Amino acid sequence: MSATFPGWSERASAFYVGLEADNTKDYWTRNRAVYDTEVLAPMQALLDDLSTEFGEGRIFRPNRDIRFSADKSPYKTSIAATLGQGYIEFSARGIGTGAGCHMLAPDQLTRLRTAVADEVTGPRLEAVIGELEASGIDVTSHDRLATAPRGYAKDHPRIALLRNKDLVARSHWGEETPWLHSPEAAEHVVAVLRAARPLVQWLDENVGPSTIEGRR
């Protein structure tokens, strides 16, 4: 593991605690140097360290899109980035990481449900999820139906998976974690991303990119 990533300091956590209390341009301007050195720079270093194994990283912009939101707070209260097909996030509540599929296009969602329902690929997915959960990694969906999707029986043996609109393996470590503010955090992120590879492979083989113009 490269020693480039220094870890996120306690000052980084304090920055987000302050931003949650005072989400204004004035706070951001006064504390921009802290964001740049204690929040942004470690994230970029982590992505650089892991890019050879996991792919190119991309950090999301800190500004919120408030055009259609009732919440007009201008800044996100976390820093997040994609890393290949994974993601990493840091906030006042700790570090989160994971990999999978999120915000699927309609054609991708159709393929996901077809593969889940299939008597070969469906059980394979269940086995992958079982291994992840046995290792302490959650497999979750950001959005799911309240009942069976159209065309599927409510008593389908994999109905819980069929109701999902996406699928992600993820772990989160809170502020009480002893190594949270140290370079050791990178080792735990890597462990989750490596463990999630069978799920990512299943999704690549059975869902893949969208064929709808303008979608991926």
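Because only heavy atoms are used, hydrogens play no part in the values below, and waters and symmetry mates are left out as well, while side chains stay in. From a predicted model like this one, the values you see are computed outputs, not experimental measurements.
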(request) Could you tell me whether the side chain of Asp118 and the main chain of Val120 form a donor-acceptor pair under 3.5 Å? (result) yes
(request) For residues Pro74 and Asn63, determine if any side-chain heavy atom of one lies less than 4.5 Å from a side-chain heavy atom of the other. (result) no
(request) Can you establish whether the number of heavy atoms outside Lys25 located under 6.0 Å from its atom NZ is more than 12? (result) no
(request) Consider only side-chain heavy atoms of I, L, V, M, F, W and Y, link residues closer than 4.5 Å, and tell whether Phe15 and Val17 are in one cluster. (result) no
(request) Would you give the length of the straight line joining atom CG of Leu112 to atom CG of Leu167, rounded to the nearest 0.5 angstrom? (result) 6.5 Å
(request) Check whether the side chains of His188 and Trp173 place a donor and an acceptor atom closer than 3.5 Å, and report yes or no. (result) no
(request) Answer with yes or no after comparing the ring centroid distance for Trp8 and His181 against a 6.0 Å cut-off, counting only values under it. (result) no
(message) Please give me the minimum heavy-atom distance between Ser171 and Ile137, naming the atom from each residue.
(response) OG-CG1, 3.7 Å
(request) For Gln108 and Ser210, test the side chains for any donor-to-acceptor distance below 3.5 angstrom and give the result as yes or no. (result) no
(message) Within the structure provided, determine whether Val39 and Val34 are in side-chain contact (heavy-atom separation under 4.5 Å).
(response) no
(request) Could you pull out the closest heavy-atom pair between Ala45 and Phe5, with the gap in Å? (result) CB-CA, 4.0 Å
(request) List the steps, then state whether side chain to side chain donor-acceptor pair (under 3.5 Å) holds for Asp26 with Thr24. (result) CA-CA 5 Å; Asp26 179 63; Thr24 63; 5.0 Å; no
(request) Apply salt bridge (Lys or Arg N to Asp or Glu O under 4.0 Å) to the pair Arg124 and Glu119, showing each step before the final yes or no. (result) CA-CA 9 Å; Arg124 286 177 184 167; Glu119 290 307 314; over 6 Å; no
(message) For a quick test of reading the model, state the closest non-hydrogen atom pair linking Ile159 to Lys154 and the distance between them.
(response) CG1-O, 3.6 Å
(message) Please give me the minimum heavy-atom distance between Arg113 and Leu145, naming the atom from each residue.
(response) NH2-CD1, 3.4 Å
(message) Could you measure the distance from the CZ atom of Arg111 to the CG atom of Asp107? Nearest 0.5 Å is fine.
(response) 4.5 Å
(request) Locate the shortest heavy-atom distance separating Glu175 from Ser13; write the atom from each residue and the value. (result) OE2-OG, 2.8 Å
(request) Please report the C-alpha distance between Ser9 and Glu38 in whole Å, then the side-chain angles of each, then the deciding distance to 0.1 Å, and finally whether the side chain to side chain donor-acceptor pair (under 3.5 Å) criterion is met. (result) CA-CA 6 Å; Ser9 67; Glu38 305 293 331; 2.6 Å; yes
(message) As an exercise, state the distance from CE of Met43 to CZ of Phe60, rounded to the nearest 0.5 Å.
(response) 9.5 Å
(message) Any carboxylate oxygen within less than 4.0 angstrom of a Lys/Arg side-chain nitrogen, looking at Arg30 and Asp22?
(response) yes
(request) Using the side-chain contact (heavy atoms from CB on, under 4.5 Å) rule, pick out the option among Asn206, Leu203, Leu199 that qualifies with Leu125. (result) Leu199
(message) Looking at every non-hydrogen atom in both residues, tell me the closest pair between Leu19 and Lys76 and how far apart they are.
(response) CD2-O, 3.3 Å
(message) I want to check something: taking the side chain as every heavy atom from C-beta on, are Glu126 and Leu161 in contact at a cut-off of under 4.5 Å?
(response) yes
Identify all side-chain donor-acceptor contacts of residues 80-105 below 3.5 Å with residues at least two apart in sequence or on another chain.
unit_1: Gln85; atom_1: NE2; unit_2: Asp204; atom_2: OD1; d: 2.9
unit_1: Tyr87; atom_1: OH; unit_2: Arg170; atom_2: NE; d: 3.3
unit_1: Glu89; atom_1: OE2; unit_2: Ser78; atom_2: OG; d: 2.8
unit_1: Ser91; atom_1: OG; unit_2: Arg93; atom_2: N; d: 3.1
unit_1: Arg93; atom_1: NH1; unit_2: Glu20; atom_2: OE2; d: 2.6
unit_1: Arg93; atom_1: NH2; unit_2: Glu20; atom_2: OE2; d: 3.1
unit_1: Thr97; atom_1: OG1; unit_2: Tyr87; atom_2: O; d: 2.8
unit_1: His102; atom_1: ND1; unit_2: His142; atom_2: ND1; d: 3.2
unit_1: His102; atom_1: ND1; unit_2: Asp166; atom_2: OD2; d: 3.0

(message) Can you tell me how far apart CG (Leu162) and OG1 (Thr114) are? Round to the nearest 0.5 Å.
(response) 9.5 Å
(message) Side-chain heavy atoms nearer than 4.5 Å, only ILVMFWY residues, links allowed to pass through others: does that put Leu109 and Tyr152 together?
(response) yes
(request) Indicate yes or no: at least one non-hydrogen side-chain atom of Arg194 is less than 4.5 angstrom from one of Phe54. (result) yes
(request) Take Trp28 and Asn23 through the test side chain to side chain contact (heavy atoms under 4.5 Å, CB included) and record every step on the way to the result. (result) CA-CA 8 Å; Trp28 183 269; Asn23 198 314; over 6 Å; no
(request) Would you give the length of the straight line joining atom OH of Tyr16 to atom OH of Tyr75, rounded to the nearest 0.5 angstrom? (result) 12.0 Å
(message) With no hydrogens and no angle check, just 3.5 Å: does a side-chain donor-acceptor pair link Ser73 and Asp71?
(response) yes
